[in-house]
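Notes for the one structure printed next.
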Amino acid sequence: MKEYLTGLIGEALAALNAKGKVNVELPATIHIGRTRDPAHGDLASNVALTLAGGAAMPPRELARLICAELPESAEISRTEIAGPGFINFFLADSRLHSIVATVLEQGAGFGCCAVGAGQSVQVEFVSANPTGPLHVGHGRGAALGDCIARLLEATGWQVSREFYYNDEGRQIDNLARSVQARCRGLGPADENWPDEAYRGEYINDVAKAYMSGVLTSASDRQVQGAGDPDDLSAIREFAVASLRREQDLDLQAFGVQFDVFFLESSLHDSGAVEATLNKLVCAGHTFEQDGALWLRTTDFGDDKDRVMRKSGGGYTYFLPDVAYHHNKWERGFKRVINEQGADHHGTVTRVRAGLQALAAGIPEAWPEYVLHQMVTVMRAGEEVRISKRAGNYVSLRDLIDEVGKDATRYFLAARAPSSQLTFDIDLALVQSNDNPVYYIQYAHARACSVFQQLAVRGLTWSEEAGLAGLSLLIEDSENAIMKKMARYPEVVLLAAQRSEPHRVAIYLRELAAEFHAWYNAHRILSEDRQLRGARLALAAAVRQVLANGLALLGVSAPESM
RNA sequence: GCGCUCGUAGCUCAGUUGGAUAGAGCAUCCGCCUUCUAAGCGGACGGUCCCGGGUUCGAAUCCUGGCGGGCGCGCCA
């Protein structure tokens, strides 16, 4: 529709030029925007404002000339000049009504498009190391990453969800030693309790399971407890599997699934880390200093050079990171989105610099990053510092158990990733009924219940007849709903393109509000059969759009509440 | 100190890449259930869009300088 209007305006300007009434250069782009206030029509253009200077006439005068010269169109009921010189377009009612038919016809596919068709994209998210249960911060990553993946799927992309973690290394050693200490009956208060050991109660559970020979299975591994407190390596294997399993359960409760679990250790085992190192050395971007091997990342925009191999001989985390991303590239992902907490923003430049140094033809801005700001957790008016070592935890699972999957997902996905968010546990519990997600779900349930009432009253409705009577929908609240529904595909596309799922959440709240207002003001099950039919068609369309949007957020759409 | 990021109503947050009178929810106050679900609706109250300059027809939005919060700056991951 916007393209259509720019075409009309272009024609009008060309005609004015030809007639010599004005002399302006045709702009490269004519901007058409949606109006905020219904009194300003449906769409508006600022073209007269931007061209007034060049045309040497007042904007309103130019706008008047353009309007007079606009070709006749059945799509537009009227135009109007407003404010400093905006041209407001009022669309024909038939145009507005057609959205109802479109929604019902496309069903679950309404809002989807094919801009990503034939292309694959990898979304990496959560990527928590198996040293403890997932906390609220991971939850935000899980909600955002999964919603971004769903948005990409809705816009035609083929999406692979990936979870990367380290199953060896220092953190994992520490985990193993912590479990071992528990196996030996030690507690944090004991003298021989290892330094830096994890104190959480879950460590004790793992130790007990290990000692009693439990078979633990995670989505990507399965290990039996060996029962030997001296076998640190067996403890490590078992502990990693146990915590992976716990995380699986957390993710499952949250409605998140992964296609690939990628182990950092596999990069070492396959020789990919060394191969990456060799390539970097051969490419001539490395140097030795103080016994360590450095990569000159400053050549690629970093603010300081980075060590790859320590003077002691081991590799820093930086090198496997580069190897991992090179691996992603070699797997053929021309597009990769990494969803991470903002505390990792330092790695963005580093990893990209490392990839550039490989000279593998990887674009400079690859991979993409979506960094969410930190979640601060408040309880009893005080900030809860999350510390694995202290066992001070606000686990994702607790949250799901207490306020529910839907409310938690909505809460964590409904804010822009770039905004810090405060999760007040007490408030979340007290106000769980005031969570906007229920407001949206309630609108869906209400729409469903109207159809149940229809059956109860022994009435019937056909979509065909309902659509035939759409011209009877003349109330302001009905127009508002139809306008809002027509926007849905744009919202989905924008949210997908910008990796901002919160746009869908905000939109759904607005649509639900329009629906509730209409529901309160007018009876859908009117005595008038034709009007009833048309309103039921509108209700069915709203129900569909709400369901589609909630699905993008991974939130259920209940038929009754 | 340097880098990234954010700053909008008492609180939590939107604001469609520069548009018209800056919007929601919660909280507070006043109304609405013998009629399709009151987890709802209508109304009121509430603003120095952190501050100062700049760009232009027009700035919460872009540029610049401050102030304030968060995060990151290790041969830790």
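Residue numbers begin at 1 in each chain, while the letters A, B, ... track the order of the sequences. Note: hydrogens, waters and symmetry copies are ignored here, and every other heavy atom, side chains too, is used.
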Atom pair distance, as rounded to whole Å: CG in A:N46 and C1' in B:rU61: 15 Å
Taking the six-membered ring of A:Y165, is NZ or CZ of A:R244 closer than 6.0 Å to its centre and within 45° of its axis? yes
Syn within 90° of 0, anti beyond: B:rC33 is syn
Is it the case that the base of B:rG72 and the side chain of A:D343 share a donor-acceptor contact (distance under 3.5 Å, atom types as modelled)? no
Of the candidate nucleotides B:rU37, B:rG3, B:rG69, which contains the atom at the shortest distance from the side chain of A:Q420? B:rG69
State which of B:rU37, B:rC41, B:rC4 makes the closest approach to the side chain of A:A517. B:rC41
Whether A:R415 engages the ring of A:F411 as a cation-pi pair (distance to the six-membered ring centre under 6.0 angstrom, angle to the ring normal within 45°) should be assessed. yes
Stacking between A:H502 and the base of B:rA14 (centre distance under 5.5 Å, interplanar angle under 30°)? no
With a 3.5 Å cut-off and no angle check, do the side chains of A:K328 and A:N338 form a donor-acceptor pair? yes
Check whether NZ of the Lys or CZ of the Arg A:R543 lies under 6.0 Å from the centre of the six-membered ring of A:F515 and within 45 degrees of that ring's axis. no
Separation of A:Y165 atom OH from B:rA77 atom P, in whole Å? 19 Å
Between residues 521-544 of chain A and RNA chain B, which residues have a heavy-atom gap below 4.0 Å? A:H522, A:R523, A:I524, A:L525
Would you call the rings of A:F287 and A:W294 parallel, tilted or perpendicular, taking 30° and 60° as the class edges? parallel
d(CZ, A:F515; P, B:rA24) in whole Å: 20 Å
Given the P atoms of B:rG52 and B:rC71, what is the spacing between them in whole Å? 28 Å
Does A:R350 put a side-chain nitrogen or oxygen below 4.0 Å from OP1 or OP2 of B:rC73? no
For B:rC26, what is the paired nucleotide under Watson-Crick or G-U wobble rules, both distances under 3.5 Å? B:rG10
Return the orientation label for the A:Y507 and A:Y488 ring planes: parallel under 30°, perpendicular over 60°, tilted otherwise. tilted
Quick one: classify the glycosidic conformation of B:rU34 as syn or anti, with syn meaning within 90° of 0. anti
Kindly indicate whether the side chain of A:D321 and the base of B:rA77 share any N or O donor-acceptor pair separated by less than 3.5 Å? no
